[in-house]
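What follows is a single structure, written as structure tokens, with notes after it.
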Amino acid sequence: MIDPLRIRSLNDAPVRPDREWVLYWMVSSRRIGFNPALERAAAHARALKRPLLVLDAVECDYPWANARFHACAIGSLWDLAARFQSAGIAHYPYVEPEPGAARGLLAALAAQACVVVTDDSPAFFFPRSRAAAARRLDVALEAVDGVGLLPVRAAPRGFLRAVDFRRHLASALPTHLGRFPLADSLSEPLPRAPSLPAAVTARWPLARPGDPLPAVVDRSVAPVAWKPGETAAIRDLRSFVARLDDYTEDRRHPDREGTSRLSPALHWGHLSVHAIWAEIADRCGVDVVAGWEGLPEPHRNFLDELVTWRELTHNTAAFLPNYDAYDSLPWWALESSAKHAGDPRPYLYEVEDLETASTHDPVWNAAQRQLVAEGRIHNYLRMVWGKKVLEWSPSPEEGFRTLLHLNNRYAIDGRDPNSVGGIAWVFGRYDRPWGPERPIFGLIRYMSSEATVRKVKMKEYLRNHQ
DNA sequence: ATCGGCTCGCGCAA
DNA sequence: TGCGCGAAGCCGAT
């Protein structure tokens, strides 16, 4: 059974049992495994004895759209198309050829739907687009939260420190581990797939592999080697879990690639946290309901990153107003930064200097080059990368904006509560004051490129990104 | 190599 | 009201 705390009704319109199909408007959970929204839509279809239709649309003018992100979004269409076809589910892959072309498609499919189910997600443009749909549709619209192990909106409040969120997690998690979504949302038989309505496909033609990239999409950020889609994500997951024993030590060193690198798959919804925990639990021979307290240290460390930190940042996105704006940072950090607003900045860079990795600092330049070339920065260096932009910007507000810009434009896991959380941490969120009080930083935790080179193994990394 | 000090806010015990 | 302690650090003293 789907956890009722994951389901929200977004409008007052009724379920209309005499219509043609149940529509799943797939948005941020683009997967078949452990997808409570898809599971919910399938349950409606069985109860109403109607077929299931999945709308899987990629618009071309969402914020930060470019060729890199389009490749991520479109790549999963074909992975899903094959799997929906073999499950006998009608799948409507659509790639918008020009801005605004998709307008009306959801409504056209919803006009023949008994009920519409979509993904819940607290951030980016998703809340606005759901709200617009809720106003427009004449049929019940439900949002189902497949973000994490805990339903985001079931939290009693927003949490601003990991230690407090951990306490909440410890009390809430046992219940929710007992309400796992299905490993295969389509495991139970469904009514036969409808043929897609000709009047709709005539106006919004089905996407096909090899369709050209829409002309309007920004080509200046090129696709990267990361392979999108649930199938690839599960393969990557298994290979990571096999080397999890070394996680605690290896994740610190850029030369070792000990991190999971699963963050893009989580961001695009190609992989769920449930799938990751189930895979680890299975390999360790424990039941998912038992939790990970008894597992070895590397496993616990990874799950703390995956669950505590990831779900904390989603909690922040859902509960802290303007969570991605500078002035939502903690009071002590704003005050300390303000006190140092007049400090001289020995290095000041324009966004363009940063974007082209033209600073005096070889560590920072290497991280920025990795971001541009690969769409990611090694986790440890991502912190230093951020701290330096704080140091080299005319003001912390501008540094904050610059980091969001660089991250949203290049990172394949950007535009996500998690990466906003990482950037906000640079300016003090989730952290505490640290003496001694320094120029520019004030009491905000300081990091240096020089100490980083001493502490972590990154000779090859510096060679590879120059 | 390891250790303390730097500094603030919060939950909890008293 | 006091106490302990907290995402990833840094620096200097031992």
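Proteins come first, then strands; the chains are lettered A, B, ... in the order of their sequence lines, and each starts at number 1. FYI, side chains are in, hydrogens and waters are out, and symmetry mates aren't considered; it's all heavy atoms of this structure.
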Does [X] [atom1] have over 12 foreign heavy atoms under 6.0 Å away?
X	atom1	value
A:Glu257	CD	yes
A:Asp12	CG	no
A:Arg235	CZ	yes

Report yes or no: does [X] contribute a side-chain atom to a donor-acceptor pair with the main-chain N or O of [Y] at less than 3.5 Å?
X	Y	value
A:Asn322	A:Ala325	no
A:Asp145	A:Asp120	no
A:Asp119	A:Leu38	no

Quote, to the nearest angstrom, the [atom1] distance that separates [N] from [M].
N	M	atom1	answer
B:dT7	C:dT1	P	24 Å
B:dG9	C:dC10	P	23 Å
C:dA7	B:dA1	P	28 Å

- Message: In dot-bracket form, 5' to 3', how is DNA chain C paired? Count Watson-Crick and G-U wobble pairs only if both distances fall under 3.5 Å, and write | where the partner sits on another strand.
- Response: ||||||..||||||
- Message: Which residues in residues 307-323 of chain A have a heavy atom closer than 4.0 Å to any atom of DNA chain C?
- Response: A:Trp309
- Is there a residue in residues 328-346 of chain A whose heavy atoms reach under 4.0 Å of DNA chain C, and which residues are they? none
- Task: Residues of residues 295-305 of chain A with any non-hydrogen atom less than 4.0 angstrom from an atom of DNA chain B: list those, numerically ordered, please.
- Result: none
- Got a sec? Which of residues 158-171 of chain A come in under 4.0 Å of DNA chain B, heavy atoms? A:Arg161, A:Asp164, A:Arg167
- Message: Among residues at least two apart in sequence or on other chains, which ones pass salt bridge (Lys or Arg N to Asp or Glu O under 4.0 Å) with A:Arg161?
- Response: A:Asp164
- Item | For A:Arg30, all residues meeting salt bridge (Lys or Arg N to Asp or Glu O under 4.0 Å), sequence neighbours excluded | A:Asp56
- Which distance, rounded to the nearest 0.5 Å, do you find between the CD1 of A:Ile423 and the CG of A:Asn407? 4.0 Å
- Just jot down the side-chain hydrogen bond (donor to acceptor under 3.5 Å, both in side chains) partners of A:Asp413, sequence neighbours excluded, or say none. A:Ser263, A:Arg382
- Message: Would you say the rings of A:Phe69 and A:Tyr62 are close, in the sense that their centroids are separated by under 6.0 Å?
- Response: no
- Query: For the rings on A:His299 and A:Trp277, is their centre-to-centre separation under 6.0 Å?
  - Reply: no
- So the side chain to side chain donor-acceptor pair (under 3.5 Å) pairs with at least one residue in residues 219-230 of chain A (sequence neighbours excluded) are A:Arg83-A:Glu230, A:Asp218-A:Ser220, A:Ser220-A:Arg409
- Item | B/S/- contact track for nucleotides 9-14 of chain C, protein heavy atom under 4.0 Å | BSS---
For residues 459-466 of chain A, dump all side-chain donor-acceptor pairs below 3.5 Å to protein atoms at least two apart in sequence or in another chain.
residue	atom	partner	partner atom	Å
A:Tyr461	OH	A:Gln370	OE1	2.6
A:Asn464	ND2	A:Glu460	O	3.4
A:Gln466	NE2	A:Arg463	O	3.4

- Note on the structure: Here the distance between atom C1' of C:dG6 and atom CG of A:Asp431, to the nearest Å, is 9 Å
- Salt bridge check: are A:Glu39 and A:Arg179 linked by an N-O gap of less than 4.0 Å? no
- Task: May I ask you to decide whether A:Arg243 forms a salt bridge with A:Asp250, counting only side-chain N to carboxylate O separations under 4.0 Å?
- Result: no
- Task: Apply the ring pair (Phe, Tyr, Trp, His ring centres under 6.0 Å) test between A:Phe159 and each candidate in A:Phe165, A:Phe319, A:Trp309; give the one that qualifies.
- Result: A:Phe165
Expected list for residues 391-400 of chain A: side-chain donor-acceptor pairs under 3.5 angstrom, two or more places apart:
residue	atom	partner	partner atom	Å
A:Glu391	OE1	A:Lys388	NZ	2.7
A:Ser393	OG	A:Val389	O	2.6
A:Ser395	OG	A:Glu398	N	3.2

